[in-house]
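Reviewing the structure listed below.
When reading the values below, keep in mind they use all heavy atoms of this one structure, side chains included, and skip hydrogens, waters and symmetry mates.
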Amino acid sequence: MACQMVPCPHPGSEPANPRPPKQNLSQSLCIDIYFGLCPISTRPERRVQHFKMRKVDLCLSSEGAEVILATSSDEKHPPENMIDGNPETFWTTTGMFPQEFIICFHKHVRIERLVIQSYFVRTLRIEKSTSKDPVDFEQWIERDLVHTEGQLQNEEIMARDGHATYLRFIIMSAFDHFASVHSISAEGTALSNLS
């Protein structure tokens with residue numbers, strides 16, 4: 001049985017380049033569909049479709065991220081403020097250094113770009129883990145930040161090998177006795193859930 005084009009009964013609706021009929025149905029299937037009064041032909045594609053994954057801010061609590069550990073906490077400025085998406089809130093350290101916090105994604109992610117907004121942070125180390133639990137961290141990035149009097153430090157990092165399930169941020173030193181982190185943004189894609 002060959003696939004054939006059925007002529008449209010309306011004048012002027014013939015296709016400009018009619019295709020020859022298919023002779024072998026085992027290789028390809030041709031379907032002619034009438035949409036309204038004119039034919040629409042479809043053919044199966046042999047290539048695999050790749051769906052583009054949606055890039056999001058993986059560090060937002062609304063995307064499922066959670067601060068699971070922080071070495072200091074002030075009830076007016078809790079660690080959750082770093083990932084709430086509100087530029088007016090922040091987490092503050094309460095004393096000596098180093099200070100650290102761990103963000104859990106609750107899924108496997110690939111991070112392409114990090115943006116850290118902070119104040120008085122001098123040296124920042126970022127470690128990552130791909131484990132199901134917050135263990136086996138490996139050093140990933142270390143930066144000396146520039147002190148910006150009267151305004152937030154805005155450190156942008158293009159990430160390499162950004163596969164992670166957890167990130168540990170360690171403030172090694174600061175320009176003052178206290179430091180604050182206003183937001184952590186990790187642009188990337190979620191790859192799979194933790195199982």
Side-chain angles (χ1 to χ4, degrees), residues 53-148 150-176 178-194:
M53 291 187 202
R54 180 176 67 105
K55 288 185 186 177
V56 296
D57 183 352
L58 299 164
C59 280
L60 287 175
S61 54
S62 60
E63 288 293 328
E66 178 183 13
V67 178
I68 61 167
L69 176 134
T71 54
S72 60
S73 184
D74 178 331
E75 64 184 42
K76 292 180 184 175
H77 306 290
E80 296 78 26
N81 286 353
M82 295 179 286
I83 61 172
D84 66 1
N86 182 349
E88 302 298 317
T89 62
F90 57 91
W91 170 70
T92 185
T93 64
T94 56
M96 298 170 47
F97 293 93
Q99 295 279 334
E100 69 179 69
F101 57 92
I102 297 176
I103 294 178
C104 174
F105 297 108
H106 294 290
K107 52 193 156 198
H108 295 281
V109 300
R110 184 180 66 233
I111 299 166
E112 297 174 14
R113 181 175 159 258
L114 283 168
V115 178
I116 298 105
Q117 290 189 323
S118 58
Y119 197 66
F120 285 138
V121 174
R122 183 187 298 258
T123 303
L124 178 67
R125 178 184 297 159
I126 305 169
E127 299 175 347
K128 64 180 183 133
S129 172
T130 56
S131 300
K132 288 173 65 173
D133 298 310
V135 296
D136 302 325
F137 284 93
E138 61 183 60
Q139 186 170 332
W140 186 33
I141 297 165
E142 186 163 334
R143 288 283 171 95
D144 289 322
L145 280 62
V146 175
H147 177 56
T148 53
Q151 60 184 352
L152 290 177
Q153 296 162 302
N154 195 44
E155 188 69 19
E156 182 175 340
I157 302 166
M158 298 309 288
R160 282 198 229 152
D161 188 28
H163 293 267
T165 50
Y166 297 89
L167 290 181
R168 176 166 46 197
F169 293 80
I170 305 168
I171 301 172
M172 304 298 292
S173 62
F175 290 102
D176 201 344
F178 300 95
S180 62
V181 179
H182 293 250
S183 73
I184 303 290
S185 174
E187 182 181 291
T189 52
L191 301 176
S192 64
N193 291 325
L194 289 178

Contact check, side chains of Val121 and Glu155, non-hydrogen atoms, under 4.5 Å | no
Are Val135 and Tyr166 side-chain neighbours, meaning at least one heavy-atom pair lies under 4.5 Å?
-> no
Using a distance-only test with no angle check, is there a side-chain donor-acceptor pair under 3.5 angstrom linking Gln153 and Thr148?
-> no
Atom pair CD/OG of Glu156 and Ser185 - distance to nearest 0.5 Å = 9.5 Å
Qualifying residues under side chain to side chain donor-acceptor pair (under 3.5 Å), relative to Arg122, sequence neighbours excluded = none
So, do Pro134 and Leu69 sit near enough that their side-chain heavy atoms are less than 4.5 Å apart?
-> no
So salt bridge (charged side-chain N to carboxylate O under 4.0 Å, His left out) across residues 71-84, not counting sequence neighbours, yields none
Only one of Ile184, Val67, Val181 clears side chain to side chain contact (heavy atoms under 4.5 Å, CB included) with Trp91; which?
-> Val181
Test side chain to side chain contact (heavy atoms under 4.5 Å, CB included) applied to Ile126 and Ile111, Ile116, Ile170, the passing residue = Ile116
For Phe97 and Ala174 the tightest heavy-atom approach is CZ-CB, 3.4 Å
Counterpart residues, side chain to side chain donor-acceptor pair (under 3.5 Å), relative to Asp176 (two or more places apart) = none
Using a 4.5 Å cut-off on heavy atoms from C-beta on, say whether the side chain of Lys132 contacts that of Thr165.
-> no
Could you state the interatomic distance from CG (Leu60) to CD1 (Ile103), rounded to the nearest 0.5 Å?
-> 10.0 Å
Can you list every pair that meets side chain to side chain donor-acceptor pair (under 3.5 Å) and has a residue in residues 58-69, with sequence neighbours left out?
-> Glu66-His106
Any pair counted as salt bridge (charged side-chain N to carboxylate O under 4.0 Å, His left out), so long as it reaches residues 180-189, sequence neighbours left out | Arg113-Glu187
Could you pull out all residues at least two apart from Phe90 that satisfy ring pair (Phe, Tyr, Trp, His ring centres under 6.0 Å)?
-> His77, His182
OG1 of Thr93 to CZ of Phe101: how many Å apart, nearest 0.5 Å?
-> 11.0 Å
Could you verify whether a donor N or O on one side chain and an acceptor N or O on the other, from Glu100 and Thr71, lie under 3.5 Å apart?
-> no
Would you say Pro79 and Ser73 make side-chain contact, with heavy atoms under 4.5 Å?
-> yes
